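Letters go in sequence order (proteins before strands), and every chain restarts at 1. Bear in mind that the values here come from a model prediction, so they are computed numbers and not experimental data. The basis for the numbers below is simple: all heavy atoms, side chains too, and nothing from hydrogens, waters or symmetry mates.
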There are 2 protein chains.
Amino acid sequence: MKTVKISEAVVRRLPIYLRYLNELSKKNVNTVSSQDLGQKLDLNPAQIRKDLAYFGEFGKKGIGYDVDYLIEKIRHILKIDKVIPVALVGAGNLGRALCNYNAYLKDNMKIVAVFDAHDSKIGESINNLKVKPMGELTNTIKNLQVRIGIITVPAFEAQNVANQFVSGGVEAILNFAPIIIKVPHEIRVHHADFTAELQSLAYYLDETKDIIE
Amino acid sequence: MKTVKISEAVVRRLPIYLRYLNELSKKNVNTVSSQDLGQKLDLNPAQIRKDLAYFGEFGKKGIGYDVDYLIEKIRHILKIDKVIPVALVGAGNLGRALCNYNAYLKDNMKIVAVFDAHDSKIGESINNLKVKPMGELTNTIKNLQVRIGIITVPAFEAQNVANQFVSGGVEAILNFAPIIIKVPHEIRVHHADFTAELQSLAYYLDETKDIIE
DNA sequence: TAGATTGTTAATCGATTAACAATC
DNA sequence: TAGATTGTTAATCGATTAACAATC
């Protein structure tokens with residue numbers, strides 16, 4: 001078995017492939033070439049072939065890739081071929097939005113518990129889940145075997161929430177708070193920071209269009 | 001004047017620097033070294049110095065960087081030293097969350113108009129903004145000189161919204177819909193896709209911990 | 001002055017792309 | 001068979017890191 005290190009860039013492209021393959025499958029397209037994929041996704045076909053080849057020989061020379069077969073393979077690689085229990089802390093606007101996205105996620109990511117630090121939120125129902133107090137976090141996520149934690153609290157509470165997730169045994173964290181959280185190195189953290197996203201977008205604005213003062 | 005191409009990686013780190021510098025400023029810290037920054041942000045100090053040096057000589061040898069001066073400079077580089085008018089389409093949970101984040105954004109990103117395609121949403125008030133019908137989009141954003149558009153509609157409506165943003169003259173788009181939108185090359189698009197984010201997180205889960213069936 | 005830290009060049013590392021034999 | 005397309009190696013490109021002279 002090959003043991004090449006797969007770069008993060010490769011892993012981040014897999015969901016992009018998957019999303020488009022799902023579209024194709026819905027349209028009953030059976031086969032797709034790296035050429036087709038590259039054109040649609042603005043990526044180099046060679047890169048797509050190389051990305052997929054890290055994990056196996058999924059294509060057929062002269063033909064391309066079987067759409068449904070490739071979907072199955074990528075889902076397996078991403079480990080989303082089984083339901084993954086997820087917990088979320090922070091029942092504000094963003095937290096609610098993510099919980100309701102659940103419907104969207106036919107992708108086996110299931111939010112199974114929601115927590116909030118504020119009494120006013122506790123007991124509230126979001127997408128059929130009752131918001132629980134922080135005190136119950138560690139036990140609940142242990143019991144439910146939660147593997148991924150989502151943080152949608154203000155920046156100043158994020159590190160504390162992360163610590164509790166770690167105590168509760170999550171393996172990965174998706175952090176929406178605009179702050180770098182510190183966790184043991186074996187825990188994977190991704191940041192989803194749209195403030196930063198907007199700011200870096202602004203860099204590309206055309207300065208000649210600035211309003212003259 | 002140097003005309004080196006600044007890579008996207010560099011631009012994406014600037015908001016990260018800025019965020020931490022703002023924290024320091026609030027704590028009345030006057031000076032910071034690339035060493036300090038690197039440690040706090042999990043980045044190589046040489047990289048930080050190099051990033052900043054693309055834009056000017058902001059530090060003092062033997063001393064480090066003046067926090068407030070560097071904040072000012074980065075804000076200027078990112079073009080967020082003036083208010084940037086932003087419009088948002090899709091008054092669902094996520095859209096509302098982003099609008100309310102406005103308060104957070106002392107960063108000169110101002111959502112000045114919100115639109116939705118559905119009658120039930122139109123007229124509703126979100127953070128002091130009345131949701132407007134799609135028909136008014138092009139004119140409104142022209143009048144308000146909107147420069148950035150945010151898309152928080154379902155995937156199948158996203159391309160249409162993008163087209164309208166382009167007609168209305170936006171220069172950049174932040175797309176939350178899980179689909180690749182096509183726009184003229186001079187328009188900058190960033191994707192903020194937490195489905196993809198979650199899926200790539202799942203890859204890093206420890207498979208030895210999978211439940212045995 | 002001695003110690004610290006920048007800005008920058010050179011070295012390294014890694015990711016992307018091109019090219020092509022294998023083969024459906 | 002002829003045309004198409006993969007998987008993979010080699011070439012290229014770009015980004016990160018190390019090292020150090022300049023200097024506060």
>> Under 4.0 Å, heavy atoms only, any strand: does A/Q47 hit a base, just the sugar-phosphate, or nothing?
In response: base
Any [X] side-chain nitrogen or oxygen under 4.0 Å from OP1 or OP2 of [N]:
X	N	result
A/R12	C/dA15	no
A/S34	D/dT5	no
B/Y65	C/dG7	yes

> Now, which nucleotide makes the Watson-Crick or G-U wobble pair with C/dA22, with each of the two distances under 3.5 Å?
Replying inline: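 Base-paired to D/dT5.
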> If you check every side-chain atom of A/K60, which of C/dC24, D/dA15, C/dT16 has the closest atom?
Replying inline: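 Given the options C/dC24, D/dA15, C/dT16, the side chain of A/K60 is closest to C/dC24.
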> Which of the following nucleotides, C/dT8, D/dT16, C/dA18, is nearest to the side chain of B/A9?
Replying inline: D/dT16
> Do A/K79's NZ or CZ and the ring of B/Y203 fall within the cation-pi criteria of under 6.0 Å and 45°?
Replying inline: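 Yes, a cation-pi geometry.
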> Mapping B/G62 and A/R49 onto DNA chain C by nearest heavy atom, which one lands closer to the 5' end?
Replying inline: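 It is B/G62, whose closest nucleotide lies nearer the 5' terminus.
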> Do A/E197 and B/R12 sit within salt-bridge range, that is, some charged N less than 4.0 Å from a carboxylate O?
Replying inline: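 Salt bridge flag = yes for B/R12 with A/E197.
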> When you check the gap from the basic side-chain N to the acidic O, do B/D42 and A/K182 get nearer than 4.0 Å?
Replying inline: yes
> Between D/dC24 atom C1' and B/K61 atom NZ, what is the distance in whole Å?
Replying inline: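 Taking NZ of B/K61 and C1' of D/dC24, I get 9 Å after rounding.
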> Nearest-Å distance, CD (B/E57) to P (C/dT6)?
Replying inline: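 Rounding to the nearest Å, CD of B/E57 and P of C/dT6 are 13 Å apart.
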